[in-house]
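Numbered from 1 within each chain, the chains take letters A, B, ... in sequence-line order.
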Amino acid sequence: MAECGRVDSNTSHTMDKSITLPPDEIFRNLENAKRFAIDIGGSLTKLAYYSTVQHKVAKVRSFDHTAKAAAGDKLYEISMQEEVTARLHFIKFENAYIETCLDFIKDHLVNTETKVIKATGGGAHKFKELIERKLGLKVDKEDEMTCLIKGCNFVLKNIPHEAFVYAKHADSEFRFQTTNPDIFPYLLVNIGSGVSIVKVESEDKFERIGGSSIGGGTFWGLGALLTKTKRFDELLQLASKGQHASVDMLVKDIYGGSYGYLGLTGDLIASSFGKSATADKDFSKEDMAKSLLHMISNDIGQLACLYAKLHNLSRVYFGGFFIRGHPVTMHTITYSINFFTKGEVQALFLRHEGYLGTIGAFLKGAEEDNPNQYSWGENYAGSSGLMSVSPDMNPMQRARSGTFDMLEMDRLERQLVNLPLLQDPSSYIPDTVDLTEDALAREYWLYCFEEALDGVVKRAVASQPDMPEAALRAEKFRQKYRHKLQTLRQQPFAYGSLTVRSLLDTREHCLNEFNFPDPYSKIKQRENDIALKYYQKAVKSLDELSWEEKQFALVQGVLAGNVFDWGAKAVSDVLESDPEFGFEEAKRQLEDNSGVDIILGVMPFVRELLSRGTEVVLASNSGPALNDVTNGELQILTERIAAMDPVIEAGLREDRLLLVQSGSSSPCLDLSRLDKVLAMVVRERQTDLVIIEGMGRAIHTNYYAMLSCESLKMAVIKNSWLADRLGGKLFSVVFKYEVPAGKPNKDCGAFSPS
Amino acid sequence: MKLINEKKPAFPWFGMDIGGTLVKLVYFEPVDITAEEEQEEVENLKSIRRYLTSNVAYGKTGVRDVHLELRNLTMCGRTGNLHFIRFPTQAMPRFIQMGRDKNFSSLHTTLCATGGGAYKFENEFRMMADLELLKLDELDCLIRGLLFVDRVGFNGHPECYYFQNPSDTQSCVKKPCTLDNPFPMLLVNIGSGVSILAVYSENNYKRVTGTSLGGGTFLGLCCLLTGCETFEEALEMASKGDSTNVDKLVKDIYGGDYERFGLQGSAVASSFGHMMSKEKRDSISKEDLARATLVTITNNIGSIARMCAVNEKIERVVFVGNFLRINTVSTKLLAYAMDYWSKGQLRALFLEHEGYFGAVGALMELLKTTEDP
């Protein structure tokens with residue numbers, strides 16, 4: 001019932017004592033930290049704080065246009081600027097370290113504005129005095145359940161792939177759920193020492209509709225009595241090895257087989273511990289633990305189903321220390337829910353379940369900052385990811401993963417929402433291939449990203465020629481990203497579904513972490529300069545073609561431009577492996593027929609649309625990713641093109657050509673997390689055609705995206721493995737035009753170039 | 001007379017319910033035997049009647065619940081006493097052996113049996129004792145038997161009772177009542193495991209759900225935790241224990257009520273929650289453990305039953321099954337739980353013949369099969 005009743009204190013793990021805590025790697029950015037919150041449970045402490053992070057960003061600034069005449073002049077300048085962004089830090093460590101951690105925080109805490117620390121969890125009152133003494137902050141207690149729900153709402157809203165279904169025997173144990181934009185209503189079953197069942201209807205409206213006293217404490221307490229085993233996870237380990245049928249009375253023990261009339265199979269448990277009602281038999285610890293685990297999981301599952309049915313809820317999340325990443329309990333709960341609802345309801349679990357209390361407590365304390373008005377994103381570089389605490393894992397590994405764990409969330413500059421044109425936002429999955437489920441593809445891509453790492457490091461160093469310590473930073477980046485790749489090889493589910501997108505995003509996060517905000521900025525700059533010179537020529541030669549030829553050439557232009565993508569393996573192999581085939585030369589080779597994607601491919605296409613009278617919304621990345629054009633760069637480029645092209649100029653002037661940010665800083669595109677302004681423009685302009693271009697946005701993601709208007713997905717397959725997989729050849733073209741059933745044509749297009 | 005006799009099944013009249021833990025046997029002892037009948041009656045039949053009616057214990061483990069006997073009952077045109085006998089399912093092989101030794105098969109009676117054991121032991125009856133069982137569904141029998149016993153009453157008193165003032169241990173009293181208009185009712189049968197049925201009429205019912213946390217769990221856990229051997233022993237210990245030494249209450253966590261959610265401080269937050277601490281485990285008494293086990297299982301059944309009642313929109317919840325035998329701790333707790341958590345909307349009802357309705361239902365089937373061919 002009362003969820004919380006966290007557990008008594010004498011549970012600290014002796015086995016972990018030898019592992020030292022590296023506090024400076026864990027408590028990062030303490031210099032600017034403020035707004036602390038702490039959630040102290042039975043064995044783990046979760047600390048939260050808000051901090052600001054200074055990091056470099058590459059900014060583009062247009063040169064004075066009047067001076068443009070001079071040949072060879074750069075179009076715009078790139079400067080590295082310091083930018084401050086908000087970040088939330090969440091750290092989980094064992095209660096045994098609480099004193100060490102508080103000392104460390106105190107020593108590094110510069111900010112003195114903070115007066116209060118929000119606290120929740122069963123252990124909050126026990127450590128109140130210690131916290132107040134060590135940190136000099138006033139401990140302000142918050143209701144546990146309120147914090148839990150607040151935290152739950154926050155992660156469900158802000159972390160894609162937060163929720164997952166657990167399937168023990170499937171290829172991938174964790175099946176992540178697509179984020180439904182509307183997270184309410186849902187049922188949260190919190191299994192602490194007791195069980196609380198809470199119905200959550202909105203951000204502020206929730207109700208404890210029921211509970212049970214048979215929970216994690218019952219498993220632990222009764223299990224300890226029966227097996228003389230003290231620790232909770234040792235009990236789970238025992239249970240995972242036991243055979244419950246020697247202790248439980250099954251239907252077949254009573255009937256000799258199944259109870260066919262009611263459809264009860266013979267293996268069903270008729271009476272838990274029904275066979276132990278005898279004095280003349282000994283039962284193994286393992287078997288008793290298993291029987292107890294089944295008894296409790298089934299009971300909780302049954303109650304959860306009864307409440308879900310009564311309140312007509314189909315989303316049921318499970319949390320609490322009984323669940324917390326334990327495959328054994330996730331499996332038994334899943335089984336139980338499946339049994340009692342005949343598969344109609346799926347048990348859902350949360351990647352950051354252990355952090356909900358502290359996130360909620362933090363949010364309570366930060367209400368004046370209104371954190372809920374922003375969008376937040378998980379920082380893959382600074383987050384530990386989901387660890388499997390499988391009993392099969394060796395004790396050392398388990399101890400290490402349990403010692404500390406981190407979650408970092410970045411406040412995004414823009415608020416992100418769904419593309420209004422998604423046919424069914426709740427079933428939209430951005431990614432084309434789920435590498436968590438596809439082992440072969442996972443192997444390939446992990447290998448691919450590892451292979452490409454040297455090149456990325458080189459380019460990162462090259463992007464900052466004036467900074468001597470860049471090489472060292474780049475090396476750190478290499479280590480970090482390689483470590484991430486290794487983790488993902490072991491635990492592909494660590495950050496939700498593993499996808500090409502998430503691999504790319506993780507790389508971007510790691511690059512940013514070490515202040516390589518835009519390794520391609522100079523390359524892009526050079527490209528743009530050169531391409532711009534060819535623009536008029538390209539447009540002129542296009543205009544000389546017949547209408548049909550011209551359309552063909554335009555599409556070719558977009559696709560050819562798309563080949564010229566330095567990130568793609570096949571292309572970069574050609575460019576970088578052969579020293580004879582120099583960089584400049586490569587460009588010359590390719591330039592004649594392709595030019596740069598955006599200027600010689602996309603812009604002439606946009607121009608054509610504009611001259612037909614079509615309104616065009618041109619969306620581009622908010623932040624840098626690979627060599628993709630950013631909105632900042634595109635603004636300048638478009639201005640320059642407008643200066644020499646009356647069609648573009650008129651488009652801008654008459655508001656028929658709009659440049660907007662996508663809200664993304666990824667080479668891929670998640671249509672469920674787009675800039676709010678873009679969504680608004682799309683709605684206002686009644687966009688009826690969406691063009692998605694490039695491998696990252698139209699192949700790795702959105703290939704199967706269903707839109708409520710016409711759509712065109714175009715890309716060139718620049719990866720031979722993927723080409724093989726799709727049954728085509730390297731540099732094959734994907735040109736996918738889709739019309740939703742029964743939609744009339746209108747004249748307005750949105751365009752999202754790579 | 002002869003004509004009527006032909007329509008009636010031959011004596012002896014038995015109904016048997018072979019459960020996971022207990023075998024329940026009802027025996028109809030005719031008291032209107034005519035001299036003529038007496039003469040015709042084979043010795044075998046006489047000895048069975050004498051054996052059953054003159055003893056209250058059979059072998060080491062068989063018991064006749066004399067206090068439950070229904071006297072001067074009319075069944076199928078005959079008057080007699082209905083006897084209620086039980087023995088552990090473990091003794092089933094010996095029972096079958098006895099059937100063979102007493103040459104039961106020569107009586108040419110049909111042995112109506114229900115419960116899982118009717119299926120499990122069917123072959124042994126056939127092979128060992130040359131007896132053919134008429135297997136009957138346990139839930140059909142349960143409902144039929146229950147409605148019959150409620151109809152005929154308990155020797156002039158009502159079969160059914162409830163607790164008045166269930167929320168107040170001082171003034172909580174057992175009150176007889178009648179199930180005049182019994183439908184719909186939620187029937188909670190607590191044997192080794194638990195079945196919960198929604199009953200709309202004698203022949204219209206559905207099994208809503210069940211739980212494996214039942215009487216078998218109570219006894220099984222008690223045996224493991226305290227070393228006791230019998231249900232009686234377990235209950236005896238439980239009656240002397242205090243579960244609050246074992247269970248963590250809301251007030252143990254919050255220092256009082258958890259007002260935000262309207263939870264009383266005295267509510268159990270975590271069953272066996274105190275047992276997470278080694279010191280408390282080392283000092284706990286067997287009686288307290290037995291009591292906590294009983295309270296845990298009972299509250300859980302109450303909670304599931306209440307949810308089912310709400311889901312099925314049924315206000316009358318009838319608890320039966322041998323778990324409730326000599327178990328006032330559980331009956332009162334169930335009465336309290338139904339009343340408290342439903343804010344007086346639900347009423348818990350109990351029946352005096354707790355676990356015997358399946359066997360009665362099986363006997364009725366015997367009488368019915370020969371009545372209408």
K.L.:
Side chain of A:Thr218, backbone of B:Ser271: donor and acceptor closer than 3.5 Å?
P.N.:
yes
K.L.:
Side chain, backbone, both or neither: which part of A:Leu264 has a non-hydrogen atom closer than 4.5 Å to chain B?
P.N.:
side chain
K.L.:
Give the member of A:Met249, A:His294, A:Lys252, A:Met288 that has the highest number of heavy-atom pairs under 4.5 Å with chain B.
P.N.:
A:Met249
K.L.:
Can you tell which of B:Leu213, B:Ile297, B:Val268 makes a side chain to side chain contact (heavy atoms under 4.5 Å, CB included) with A:Ile214?
P.N.:
B:Leu213
K.L.:
Below 4.5 Å, heavy-atom pairs only: which of A:Asn298, A:Leu262, A:Leu225 has the largest tally toward chain B?
P.N.:
A:Leu225
K.L.:
Could you state the interatomic distance from CZ (A:Arg231) to CE (B:Met276), rounded to the nearest 0.5 Å?
P.N.:
15.0 Å
K.L.:
Out of curiosity, A:Lys275 NZ to B:Cys223 SG, how far, rounded to the nearest 0.5 Å?
P.N.:
15.0 Å
K.L.:
To the nearest 0.5 Å, how far apart are CE in B:Met307 and CG in A:Leu303?
P.N.:
7.5 Å
K.L.:
With a 4.5 angstrom heavy-atom cut-off, is it the side chain or the backbone of A:Ala224 that approaches chain B, or both, or neither?
P.N.:
both
K.L.:
Tell me, for A:Thr146 versus chain B, whether the close heavy atoms (under 4.5 Å) come from the side chain, the backbone, both or neither.
P.N.:
side chain
K.L.:
CG/B:Leu221 to OG/A:Ser291 distance, rounded to the nearest 0.5 angstrom?
P.N.:
7.5 Å
K.L.:
Among B:Asn300, B:Asp247, B:Thr209, B:Ile284, single out the residue with the greatest number of heavy-atom pairs under 4.5 Å to chain A.
P.N.:
B:Asn300
K.L.:
Picking from A:Ser272, A:Gly215, A:Gly223, which has the most non-hydrogen pairs under 4.5 angstrom with chain B?
P.N.:
A:Ser272
K.L.:
Quick check for you: among B:Glu122, B:Gln90, B:Arg207, B:Arg281, which has the greatest number of heavy-atom pairs under 4.5 Å with chain A?
P.N.:
B:Arg281
K.L.:
Does the side chain of A:Tyr261 reach to within under 4.5 Å of the side chain of B:Asp140, using non-hydrogen atoms?
P.N.:
yes
K.L.:
Taking atom CG as the centre, does B:Asp282 end up with more than 12 heavy-atom neighbours from other residues, nucleotides or ligands that are less than 6.0 angstrom away?
P.N.:
yes
K.L.:
When only pairs under 4.5 Å are counted, which of B:Phe231, B:Tyr119, B:Phe218, B:Phe261 shares the most heavy-atom pairs with chain A?
P.N.:
B:Phe261
K.L.:
More than 12 heavy atoms of other residues, nucleotides or ligands under 6.0 Å from CE of B:Met127: yes or no?
P.N.:
no
K.L.:
Are the side chains of A:Arg208 and B:Tyr258 in contact, using a 4.5 Å heavy-atom criterion?
P.N.:
no
K.L.:
Using a 4.5 angstrom heavy-atom cutoff, name the option from B:Gly193, B:Gly214, B:Ser195, B:Ala234 with the most pairs to chain A.
P.N.:
B:Gly193
K.L.:
Rounded to the nearest 0.5 Å, what separation is found between the CD1 atom of B:Ile301 and the CG atom of A:Asp299?
P.N.:
10.0 Å
K.L.:
So which of A:Phe219, A:Tyr307, A:Phe232 has the biggest tally of heavy-atom pairs under 4.5 Å with chain B?
P.N.:
A:Tyr307
K.L.:
Under 6.0 Å from the NZ atom of A:Lys205, do we count more than 12 heavy atoms belonging to anything else shown?
P.N.:
no
K.L.:
Between B:Gly210, B:Cys308, B:Gly262, who has the most heavy-atom pairs with chain A when the cutoff is under 4.5 Å?
P.N.:
B:Gly210
K.L.:
Quick one: of A:Phe340, A:Phe283, A:Tyr255, A:Phe273, who has the most non-hydrogen atom pairs under 4.5 Å with chain B?
P.N.:
A:Tyr255
